[in-house]
Asker: 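Let me begin by handing over the structure; questions about it come next.
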2 protein chains.
Amino acid sequence: MITAAVKHTGHRHPRPRSAAIVDDIIAQLSQQGYRDTEPRRLVINAAAAQRRPFTAEELCAALPCVGRATVYRGLRLLVETEQVCRVLLEDRELRYQLSHQGHHHHLLCAACGASADLANCDVDALLQEAAATAGFQMSGHWLEIYGRCADCAVV
Amino acid sequence: MITAAVKHTGHRHPRPRSAAIVDDIIAQLSQQGYRDTEPRRLVINAAAAQRRPFTAEELCAALPCVGRATVYRGLRLLVETEQVCRVLLEDRELRYQLSHQGHHHHLLCAACGASADLANCDVDALLQEAAATAGFQMSGHWLEIYGRCADCAVV
DNA sequence: TATCCAACTGATACGGAGTATCATAATGAT
DNA sequence: ATCATTATGATACTCCGTATCAGTTGGATA
Ligand SMILES: [Zn+2]
Ligand SMILES: [Zn+2]
Ligand SMILES: [Zn+2]
Ligand SMILES: [Zn+2]
């Protein structure tokens, strides 16, 4: 049986490191009028525990006590509030990962599944310009980068 | 209306303008060992008749006499042989369009659904470089650009 | 032209991913 | 403690795409 993460609010026992993340996200959601519920915390906690971009179904499997619809709703909310990013693999499988805020793109390793952020990249400006040259007003874009991370690189 | 260059192959009755396209694609497929079949021609013809990126289901609806599985298989083959591109909309809906060969990206208009190609863009080199800086070996990428085409631009 | 096999087709059924519904439960403001 | 609002979860559903498989067709060969 799983010993559930007990909610410690201000006493001596240290909580799992992800607890701070969960609290932070819950706080952000509260600010926007969303409630602090047990299933929602479980979803956030499970998402934070993943080491790789994960699928909604993986989260469902990791949370047998949370309804499937609730997991999907939770993820959708987290994406809407930009706490979680969507990641699209080459085979169009949709995965998620905790967001590091701000606009960025993902370097996705085909070998180990790792995801790294590519920020501070002027791709966006370049695209904007290239689009404008074609008389196109760019309002957004979707960019995923596939390959191999440093650890999995082929010599 | 656009008067297309009709390919006259030695007889008097002009065929629909798309016939040349169909013949060309069928020829390419034949070269690779794929057969020239009636349903396959119908799929290619219907694809060529679309003015906007289209969904597989739209093609099925346009081809009631062709089995659904055949339409899907036909599209898959056309994508594999690079006669057709996949286009991913912002809501992750998958659409297709005849390919203009070579690597390129799409400028997708949210207002009218039009798609224009963005070629001759050095985004790829920039990405490659940015990825390399992060120790990442880029092998591919997915990029779609959303916004408004010249006709639908907001002043 | 007849033969023959691999490729193709289409009806059907299946599976995965995500959402609509709706009765019930929990939250948090008062 | 009350109560309106929001959230939950079981279920059923839709949508997209694919596996299956018996029957058909294309086209190479003779
Ligand atoms: Zn981006
Ligand atoms: Zn890796
Ligand atoms: Zn591309
Ligand atoms: Zn437009």
Side-chain angles (χ1 to χ4, degrees), chain A residues 4 7 9 22-23 25-47 53-81 83-97, chain B residues 22-23 25-47 53-81 83-96:
Chain A
K7 203 204 269 181
T9 47
V22 177
D23 285 346
I25 294 178
I26 285 286
Q28 307 240 30
L29 294 181
S30 293
Q31 242 175 345
Q32 297 175 61
Y34 297 105
R35 290 182 179 172
D36 176 358
T37 71
E38 182 63 11
R40 190 163 281 166
R41 275 182 179 270
L42 289 171
V43 168
I44 298 169
N45 195 56
F54 55 90
T55 63
E57 290 298 329
E58 281 170 6
L59 225 54
C60 289
L63 295 170
C65 347
V66 178
R68 213 167 71 95
T70 301
V71 171
Y72 274 90
R73 278 186 293 235
L75 273 174
R76 200 198 312 149
L77 176 62
L78 291 170
V79 169
E80 279 165 7
T81 57
Q83 303 296 328
V84 160
C85 306
R86 293 180 145 192
V87 175
L88 193 66
L89 301 195
E90 282 187 282
D91 61 1
R92 286 181 44 246
E93 183 180 60
L94 182 61
R95 291 183 167 259
Y96 301 86
Q97 71 176 153
Chain B
V22 177
D23 286 345
I25 294 179
I26 286 285
Q28 307 240 29
L29 294 180
S30 293
Q31 243 176 345
Q32 296 175 60
Y34 297 104
R35 291 182 177 170
D36 175 358
T37 71
E38 181 64 11
R40 190 163 281 165
R41 276 181 180 271
L42 288 171
V43 168
I44 298 169
N45 194 57
F54 54 91
T55 63
E57 291 298 330
E58 281 169 6
L59 224 55
C60 290
L63 295 168
C65 348
V66 178
R68 212 167 69 97
T70 300
V71 171
Y72 274 89
R73 279 186 292 236
L75 274 175
R76 201 198 311 150
L77 176 62
L78 291 171
V79 169
E80 279 165 7
T81 56
Q83 302 296 329
V84 161
C85 303
R86 292 181 146 194
V87 174
L88 193 67
L89 301 196
E90 282 187 284
D91 61 1
R92 285 179 45 246
E93 184 180 60
L94 183 62
R95 292 184 167 259
Y96 302 85

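The sequence lines fix the lettering, A, B, ..., with proteins before strands; numbering per chain opens at 1. None of the values given here were measured: they were computed from a predicted structure.
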Asker: To the closest 0.5 Å, what do you measure between CZ (B/Arg86) and CZ (B/Arg76)?
Answerer: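 Answer rounded to 0.5 Å: 9.5 Å.
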Asker: Rounded to whole Å, please give me the gap between CZ in A/Arg76 and C1' in D/dT8.
Answerer: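 Computing the A/Arg76:CZ to D/dT8:C1' distance gives 13 Å.
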Asker: How far apart are the C-alpha atoms of A/Thr81 and A/Gln28, what are their side-chain angles, what is the distance that settles it, and do they pass the side chain to side chain contact (heavy atoms under 4.5 Å, CB included) test?
Answerer: CA-CA 9 Å; A/Thr81 57; A/Gln28 307 240 30; over 6 Å; no
Asker: Take the protein atom CD of A/Gln32 and the nucleotide atom P of D/dA7, then report the distance between them rounded to whole Å.
Answerer: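 One finds 12 Å between P of D/dA7 and CD of A/Gln32, rounded.
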Asker: Closer to the 5' end of DNA chain D via nearest nucleotide, is it B/Arg73 or B/Tyr96?
Answerer: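 Result of the comparison: B/Tyr96.
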Asker: Do B/Ile44 and B/Leu29 come within less than 4.5 Å of each other through their side chains, counting heavy atoms only?
Answerer: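 SC-SC contact between B/Ile44 and B/Leu29 confirmed.
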Asker: B/Leu88 versus A/Leu88: any side-chain heavy-atom pair under 4.5 Å?
Answerer: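 The answer is yes, as the side chains (C-beta and beyond) meet within the 4.5 Å cut-off.
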Asker: Between D/dC15 atom P and B/Arg92 atom CZ, what is the distance in whole Å?
Answerer: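 To the nearest whole Å, that distance equals 16 Å.
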Asker: D/dT11 P sits how many Å from A/Tyr72 OH, rounded?
Answerer: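 That distance rounds to 17 Å.
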Asker: Tell me, with the steps shown, if B/Arg73 and B/Thr70 meet side chain to side chain contact (heavy atoms under 4.5 Å, CB included).
Answerer: CA-CA 5 Å; B/Arg73 279 186 292 236; B/Thr70 300; 3.5 Å; yes
Asker: Rounded to whole angstroms, how far apart are CZ on A/Arg40 and C1' on C/dG28?
Answerer: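 Checked: the CZ to C1' distance equals 13 Å.
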Asker: How would you summarise protein contacts on nucleotides 25-30 of chain D per nucleotide, using B for base, S for sugar-phosphate only and - for none, with heavy-atom distances below 4.0 Å?
Answerer: BBS---
Asker: Take a 6.0 Å sphere around OH of B/Tyr72 and say whether it holds more than 12 heavy atoms from other residues, nucleotides or ligands.
Answerer: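 Yes.
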Asker: In whole angstrom, what separates A/Leu89's CG from C/dG16's P?
Answerer: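 The answer, rounded to whole Å, is 18 Å.
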Asker: Using atom CD of A/Glu93 as one end and atom P of C/dG18 as the other, report the distance to the nearest whole Å.
Answerer: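 Spelled out: CD on A/Glu93 to P on C/dG18 is 9 Å.
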Asker: Starting at CD of B/Gln83, measure out to OH of B/Tyr96 and round the result to the nearest 0.5 Å.
Answerer: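 Rounded to the nearest 0.5 Å, the CD-OH separation comes to 15.0 Å.
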Asker: Angle between the end axes of the helix from C/dT1-D/dA30 to C/dT30-D/dA1, five pairs per end, to the nearest 10 degrees?
Answerer: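 End-to-end axis angle for the helix from C/dT1-D/dA30 to C/dT30-D/dA1: 30°, rounded to 10°.
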Asker: Where each residue is assigned the nucleotide of DNA chain D containing its nearest heavy atom, which of B/Glu57 and A/Arg68 is assigned the position nearer the 5′ end?
Answerer: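 First, find each residue's nearest nucleotide; the 5'-ward one identifies A/Arg68.
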Asker: Rounded to whole angstrom units, what separation is found between the CG atom of B/Asp91 and the C1' atom of C/dT19?
Answerer: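 Interatomic distance, CG of B/Asp91 to C1' of C/dT19: 14 Å.
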Asker: Base, sugar-phosphate or nothing for B/Cys65? Non-hydrogen atoms, less than 4.0 Å.
Answerer: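 Sugar-phosphate contact only.
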Asker: Would you say A/Arg40's side chain and A/Arg35's backbone share a donor-acceptor pair under 3.5 angstrom?
Answerer: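 Indeed, once roles are kept as given, a pair shorter than 3.5 Å links the two residues.
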Asker: Knowing that exactly one of B/Val84, B/Leu63, B/Leu77 qualifies, which makes a side chain to side chain contact (heavy atoms under 4.5 Å, CB included) with B/Val43?
Answerer: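 With B/Val43 as partner, B/Val84, B/Leu63, B/Leu77 yield a single side chain to side chain contact (heavy atoms under 4.5 Å, CB included), made by B/Leu63.
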